[in-house]
Every structure is written in C-alpha cells, then in structure tokens.
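Below is one structure, written out as structure tokens; comments come after it.
The first residue of the sequence shown is numbered 1, and numbering continues consecutively from there.
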Amino acid sequence: MSRARVHNFSVSLDGFATGEGLSRDAPFGHAGERLHQWMFATRWWHERVGEPGGSDGLDDAFVRQFTPGIGAEIMGAGKFGYPGWHEDQEWKGWWGPNPPFHTPTFILTHHTRPSIEMEGGTTFHFLDTSPAKALETAREAAGGQDVRIGGGPTVIRDFLADGLIDHVHVAVVPVVLGRGVRLWDGLEDLEKDYDMEATSSPSGVTHLTLTRSGL
C-alpha cells in the first residue's frame, strides 16, 4: 500500500506552524515568512522560481524529497485559502494558474464546490469527509504512489492522531512565535509509534523525521 507522507513542514521552536491573524494579505498571520526562509534559500527553491544560486547541502537535500513518488496530495481548507475563501467562487488557491502539486489534490472543507482543473496536472477536489476516507480517496487517485499530507497543522495533527501517517519531515526553525496554531498539541506518546531522527543544519534548522516503526 502507498504511504502517507509529510514533507518540509516548518514549525517554530515553541511548536507553532502558523501565526495568529491569518488573512488574504497575511497567509501565515504575524509569522510572515519567518518559518520558511530556510527553504527560500535553497537551490531547489531558486530553481522553482527561475533564479540562479541558492544553497546546496542538508536543507536542499530535504526539500528535494517533496515531489518524488507522490501521486496525490491532501490539504486542509486553511492551507488552500484565507479565512472566508469559500465565499469567493473565483478563488483557486494561493499558487496562481500552475500550482506546485502537479497531482490530484484534495481539499478537506465543509464548503465543497466542483473540482477545479489547473495547469501542470493539478486538479483541486473538495471533500467533506473524515481523514481516513480522504486518504482512501487520495490513494485511489495516486495510482500506487504515495500521498502527501500537505497541512496545515490541524490537518496533520488529525491524521497523526488517527494513526494515518507513515513518514513525517518537520523543519524546526530557530524562531519563537509565541502564538498561533501548534502542531503537536494532543499527540502525547506519539514517539512510541515512530522511529525518530534529528539532524542539525548549518542554517540553524533542525530536520526532524518520524518514520512509522517497522516500515
């Protein structure tokens, strides 16, 4: 069976994966882009945006695991759009006409709408269902490849709580946000089900990987 994976998910030192005060003008609230600067500095990111340069090394090696072997993505309504996006029938996500997913992408939301076909192979599908049912649907669409659980923190936490994720990569970024939405709340004893490794990067980021025991 295909695996469910999380990649390049950034949290602060105090465990927050997004800030407070999210809006259309501030997708991560008061956190701004502080949780993702490490990624923007990599060669992989520079290649994506068509710019020269960028760093090689550990950070770049981790971000390059984002795409290989992925056949579908699941994300929450809060990742797809700003609070209240469901009232805007023209909203098609943050990423422009060619989103970076290039697979069937399933949005978990109570405000469903018809699927949206984008450039580059991404099609957004809107589901009002449980994590387990969403994963079953995404696996069918993935055609034997893995399913990426893209976030935000509440969605990843729900999938972890239900025992549905096989591999997690979290980048712990050396900033303190103080408020927002935490990733780990309510997941006591999670470490019992996973083999864990932590690797420090010269950028100051610690890459934490959790792989389900026995895989």
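- Side-chain contact between R64 and E47: present, with at least one pair of heavy atoms (C-beta onward) separated by less than 4.5 Å.
- In this structure, I70 is not a member of the same hydrophobic cluster as F66, with clusters built from ILVMFWY side-chain heavy atoms closer than 4.5 Å.
- H30 contributes a side-chain N or O that, together with a main-chain N or O of L177, makes up a donor-acceptor pair within less than 3.5 Å.
- Taking the six-membered ring for Trp and thresholds of 30 and 60 degrees, W95 and F101 have ring planes more than 60 degrees apart, a perpendicular arrangement.
- In terms of modelled atom types and a separation under 3.5 Å, the side chain of W91 and the main chain of F80 share a donor-acceptor contact.
- The closest donor-acceptor contact from the side chain of D146 to the backbone of R3 lies under 3.5 Å.
- Of the possible polar contacts, one joining the S55 side chain to the A41 backbone as a donor-acceptor pair under 3.5 Å is found.
- Under the 4.5 Å side-chain heavy-atom criterion for Ile, Leu, Val, Met, Phe, Trp and Tyr, I107 and I116 are members of the same hydrophobic cluster.
- The side-chain heavy atoms of S12 and V173, taken from C-beta on, include no pair separated by under 4.5 Å.
- Among residues two or more places apart in sequence or in another chain, the side-chain hydrogen bond (donor to acceptor under 3.5 Å, both in side chains) test is passed with T209 by none.
- The shortest heavy-atom contact between D59 and S201 is OD1-OG, 3.0 Å.
- Between W38 and H169, the angle of the ring planes goes over 60°, which puts this pair in the perpendicular group of the 30/60° scheme.
- Here the closest non-hydrogen pair linking A171 and H207 is CB-ND1, 4.2 Å.
- Between the side chain of S10 and the backbone N or O of L35, at least one donor-acceptor pair lies under 3.5 Å.
- For the pair N8 and F62, the tightest heavy-atom approach, listed with the atom from each and the gap, is OD1-O, 3.4 Å.
- Of all heavy-atom pairs between G96 and M118, the closest is O-CE, 3.3 Å.
- Contacts of D56 classified as side-chain hydrogen bond (donor to acceptor under 3.5 Å, both in side chains), with partners at least two apart in sequence or in another chain: R43.
- At least one side-chain heavy atom of D88 sits less than 4.5 Å from a side-chain heavy atom of R24.
- Of the possible donor and acceptor atoms, one in the side chain of S2 sits under 3.5 Å from a partner among the backbone N and O of Q145.
- Linking ILVMFWY residues whenever their side-chain heavy atoms come closer than 4.5 Å, directly or via other members, places Y82 and F126 in the same cluster.
- Listed for the S200 side chain is no donor-acceptor partner under 3.5 Å among the backbone atoms of A198.
- Rounding to the nearest 0.5 Å gives a distance of 10.0 Å between CG of D166 and CZ of R5.
- Atom CE in M39 sits 11.5 Å away from atom CG in D60 (nearest 0.5 Å).
- R139 places no side-chain N or O within donor-acceptor distance of the main-chain N or O of V147, the cut-off being under 3.5 Å.
- Side chain of H102 to backbone of G120: a donor-acceptor contact under 3.5 angstrom is found.
- Taking each heavy atom of A72 and T103 in turn, the nearest pair found is CA-OG1, 3.6 Å.
- Between R48 atom CZ and F40 atom CZ the span is 9.0 Å, to the nearest 0.5 Å.
- Distance CG/L58 to OG1/T206: 9.5 Å, rounded to 0.5 Å.
- Counting only heavy atoms from C-beta outward, the side chains of F16 and P153 never approach each other to under 4.5 Å.
- Judged by distance alone, the side chain of D14 and the main-chain N or O of G178 form a donor-acceptor pair under 3.5 Å.
- The CE atom of M196 sits 5.0 Å away from the CG atom of L190 when rounded to the nearest 0.5 Å.
- Between K79 and V155, every side-chain heavy-atom pair lies at or beyond the 4.5 Å cut-off.
- With contacts defined as side-chain heavy-atom distances shorter than 4.5 Å, the pair T129/F106 does not qualify.
- Hydrophobic cluster membership differs between V11 and F28, with clusters built from Ile, Leu, Val, Met, Phe, Trp and Tyr side chains linked at under 4.5 angstrom.
- Considering only heavy atoms from C-beta on, F159 comes within 4.5 Å of I74 through its side chain.
- Atom CD1 of I165 is separated from atom CG of L135 by 9.0 Å, given to the nearest 0.5 angstrom.
- Remark: E117 CD is loosely packed, at most 12 non-hydrogen atoms of other residues, nucleotides or ligands lying under 6.0 Å away.
- When the side chains of ILVMFWY residues are joined at heavy-atom separations under 4.5 Å, either directly or via intervening members, L164 and L210 end up in a single hydrophobic cluster.
- Heavy atoms only, all atoms of each residue included: V63 and W44 are closest at CG2-CB, 3.6 Å.
- You'll find the side chain of T112 stays beyond 4.5 Å of the side chain of L127, heavy atoms only.
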